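Before any comments, here is the structure.
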Number of protein chains: 2
Amino acid sequence: MAKLAGVSGSTASLAFSGGSISSATRERVLTAARELNYSGPDPRARSLRQGRSGIVGVIIEDRVLNSFRDPMTLAALDGISQELGEGSGLLLLTATGDGESTIQSAVFDAAIFMGCSPHLARSIEIMRQRNVPMVAIEGQAFDGVLAVNIDNRHASAELAALVHTLGHRRLATVTLPLTSVRERAQLTDELVKTATTAVSLDRLLGARQVFANLGGIVAAGSSSDEGFAAGMELLSRPAEERPTAILAQSDLLAVGVIRAAEALALVVPRDVTVVGFDGARIEGFTDHDLTTVRQPATEKGRAAGSAVTALLAGETPGDVSLSSVLHVGSTSGPPAG
Amino acid sequence: MAKLAGVSGSTASLAFSGGSISSATRERVLTAARELNYSGPDPRARSLRQGRSGIVGVIIEDRVLNSFRDPMTLAALDGISQELGEGSGLLLLTATGDGESTIQSAVFDAAIFMGCSPHLARSIEIMRQRNVPMVAIEGQAFDGVLAVNIDNRHASAELAALVHTLGHRRLATVTLPLTSVRERAQLTDELVKTATTAVSLDRLLGARQVFANLGGIVAAGSSSDEGFAAGMELLSRPAEERPTAILAQSDLLAVGVIRAAEALALVVPRDVTVVGFDGARIEGFTDHDLTTVRQPATEKGRAAGSAVTALLAGETPGDVSLSSVLHVGSTSGPPAG
DNA sequence: CTGTTAGCGCGTTCAG
DNA sequence: CTGAACGCGCTAACAG
């Protein structure tokens, strides 16, 4: 025990954690510590004793690269980080949901799920037993998990209504992945039934409030490449069959769809209306002003962070619901003819 | 002690950590645990006892958003995550270098610095005393910190040589930030002297091996907006004074410079040659094939991850140096006239 | 203001 | 293969 050296017992503890102690003694302790190459309390022991580690777990279900290439997810992470400050670290855990992951053996005081599906039910169960506060950002509702959501369904319906008002009747959607499978596919009812990703499902259901049987393509992720591929598939048809409007579930997808349209010599919005979702500022997309819904991405993170803080302080904050705002840009217009 | 319940003492430990134990007993322990709502060993206590937490700290000096908006940094993080696998979590620590940050009190077994400056000297000192293995990705060399680097200087010189060979003699550079100050500025010798960011400095020095007094602008970050602003500043001059080539220290900056050129009605590469650095796939930048240097970004992360694994296993791996490869695209050409 | 005592929850001995 | 004792490094409470 390094403390017994120069001075005394656990008075050292106070010296390091800034307890009430005479500054003379504190000096003595600190110099003694230096001579003995003692660098302050061991974080592990401290966290055992205090029952707190200052770590907040952030659980994502995909690879790091895929998750944070999406500007909205990254913004949310940034919001969390801002709100929690330098006082606490963010423990990034990727849980694909298969076996026992680190999530069960890792040290953290609270958990934030970012867009996670119910695959993690078992992990959640364990954390609940341990009394670890949990917050889910746009995840499926779970008992004992505080939810931070945006009005996906409503906003999506609003966007669809706009398109409907413009006069469009034959349209298609490009959705985000509905499950953890990352493969492009036709949007079928069967697929919808097995959907586990709340965000995608809500946005779809919102759109279907206006266009009941809306079909289209499920993308393998949120990128303009995926949007391009889906766009090519949807728009490579004779004008009479081709959708006159496409609802993409993210701005990145929408940008890809627009590129596909241009590659097919179609003019947006004259030949086809394209709308997105997110309100992301996309590098190099300056030719058009995308019609979309702007969601408060950073705010989601902040709200989650502040909820965690409150929960750790023993308070009992309620669910949070944030709202997005419609932005009518230049990529939507009445159908041709 | 939950264990004393259904069965026995600390035999439970073996049941959970998979020690040699009769599977009958294990079953008994596990069911008893379930009934008692005992969810396995407490991570905090376990980590104290074992001296291992399964957590690797990743230290960045900027906001989360700024750091990971850069595709290279994100790719490196992904590489780390891939290499370490689900077995260990990544603890994201933002250390601006001011006061005592979480870095000193956080629980982790090893640390990876991503592009960190010597501001963290004190933190590093502490971790060294604690015997926490450290790896730096493109950071300044530090005693006891394993370095994972790419050949910034060499690659930059190679790129500059290409431009020189093409016949350019009047040029400018747009560098990444040289210090932790995020402000656009003229590149002065004074600024270079106070530089703390190894990457930027190395790339500059490499270019100066070919163009001795190369001047230009220090950007406030790696984004096309910054590149645009710098490009406007450099290119808004009469043709006789205007640089005929611009060396940007990142692809995002280069893209911005090209946009600035286009905004000024200059044609690339006829009126001005623009080269980047990174080899990033940039969303929506498809008109040009950027002349640049492709660096192995994911590899950097993997190398760091694998070094950490080795260090934790008690091995003593050496520094890693990865090399980039020149890519001659369509944004470079001989000077006009 | 300082020193003493008693665990935090677990992994590891060592004897049975 | 099991059960009992000990200690990891620290800190909350209390006694001096």
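We name chains A, B, ... by the order of the sequence lines, and we start the count at 1 in each one. Given the structure is predicted, the values throughout are model-derived calculations rather than measurements. Only this structure's heavy atoms are used, side chains among them; waters, hydrogens and symmetry mates stay out.
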Out of dG9(D), dT11(D), dC10(C), minimum distance to the side chain of R49(A) belongs to dT11(D)

For the helix from dC1(C)-dG16(D) to dG16(C)-dC1(D), how many degrees between its two end axes (five pairs per end), to the nearest 10°?
-> 30°

Intermediate values then yes/no, side-chain hydrogen bond (donor to acceptor under 3.5 Å, both in side chains), S180(B) and E61(B) = CA-CA 8 Å; S180(B) 52; E61(B) 256 184 292; 5.3 Å; no

Tell me what R46(A) touches on the nucleic acid: a base, only sugar-phosphate, or nothing, going by heavy atoms under 4.0 Å.
-> sugar-phosphate

How many Å lie between CD on E27(A) and P on dT2(C), as a whole number?
-> 13 Å

When rounded to whole Å, the CZ to P distance for the pair R52(A) and dC10(D) reads 21 Å

Is a side-chain donor or acceptor of D109(A) paired with a backbone partner of G54(A) at a separation under 3.5 angstrom?
-> yes

Would you mind reading off the distance between N131(A) atom CG and dG9(C) atom P, rounded to a whole angstrom?
-> 13 Å

Given atom CG of L14(A) and atom P of dT2(C), what is their separation to the nearest angstrom?
-> 9 Å

Could you grab the distance from atom CD1 of I137(A) to atom CE of M72(A), nearest 0.5 Å is fine?
-> 13.0 Å

Provide, to the nearest angstrom, the distance between the CZ atom belonging to R44(B) and the P atom belonging to dC10(C).
-> 11 Å

D42(A) has an atom CG; how far is it from atom C1' of dC8(C), in whole Å?
-> 14 Å

Sorted by chain and residue number, the salt bridge (Lys or Arg N to Asp or Glu O under 4.0 Å) partners of R63(B) (sequence neighbours excluded) come out as D78(A)

Evaluate side-chain hydrogen bond (donor to acceptor under 3.5 Å, both in side chains) for S67(A) paired with D62(A), printing each intermediate quantity in order.
-> CA-CA 6 Å; S67(A) 290; D62(A) 204 341; 5.0 Å; no

Of dG11(C), dC8(D), dT11(D), the nucleotide closest to the side chain of Q50(B) is dG11(C)

Whole-Å distance separating the CG atom of L48(A) from the P atom of dA12(D) = 12 Å

Tightest non-hydrogen contact, residues T179(B) and T196(B), listed as CA-OG1, 3.5 Å

